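Here the structure is a predicted model, which is why all the values come from computation and not from measurement.
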Amino acid sequence: MKFVVVLSALFAVALAVPLDDSRNAQILRYESDNIGVDGYNFAYETSDGVSRQESAQLKNPGTENEAISVRGTVSWVAADGQTYTLNYLADENGFQPEGAHLPVAA
């Protein structure tokens, strides 16, 4: 059940990203496999410079320490023309993003 909640939350966040209606990006590549209760993998690229890869794995299945670990990368071309890349890990320790454009705690 935790898996379904986490997966639903991740898709909700992805769908909540505002899209510029003037852009009609085409899907250039889409791969998806190993979708099940123990994890998933997917990747895609679009004609507007967006690419994303993500995989998830169920850790400690059937125990009280059961958790899903999601690892991914997303890249996009911003309005300033620069390509940004965000690597992330989301697991029992929370969401852990990394990217050259993100501020770093001192």
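The two residues Asp91 and Leu89 come nearest to each other via the heavy atoms OD2-CD2, 3.6 Å. Of all the heavy atoms in Pro97 and Leu102, the pair that sits closest is CB-CD1, 3.9 Å. Closest approach of Glu92 to Ala67, counting heavy atoms only: OE1-CB, 3.8 Å. Of all non-hydrogen atoms in Ala43 and Arg29, the two that sit nearest each other are CB-NH1, 3.6 Å.
Using a 3.5 Å distance cut-off with no hydrogens or angles, the side chains of Thr46 and Asp48 do pair a donor with an acceptor.
Under the salt bridge (charged side-chain N to carboxylate O under 4.0 Å, His left out) criterion, Glu98 pairs with no residue at all, not counting sequence neighbours. Qualifying ring pair (Phe, Tyr, Trp, His ring centres under 6.0 Å) partners for Tyr30, counting only residues two or more places apart in sequence or in other chains: none. Evaluation of the side-chain contact (heavy atoms from CB on, under 4.5 Å) rule for Ala78 yields Trp76, Asp80, Tyr84 as partners, not counting sequence neighbours.
Under the 3.5 Å distance criterion, the side-chain polar atoms of Gln96 are matched with a main-chain donor or acceptor of Gly94.
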Under the criterion side-chain contact (heavy atoms from CB on, under 4.5 Å), I'd like the reasoning laid out for Gln82 against His101: C-alpha separation, chi angles, the key distance, then a yes or no. CA-CA 10 Å; Gln82 185 173 346; His101 62 288; over 6 Å; no
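Residues Tyr88 and Val70 have side chains in contact (heavy-atom distance under 4.5 Å, counting atoms from C-beta outward).
Atom OH of Tyr44 and atom OG of Ser51 lie 8.5 Å apart (nearest 0.5 Å). One distance of note links CG of Asn60 with CD1 of Ile68; it measures 12.0 Å at 0.5 Å rounding.
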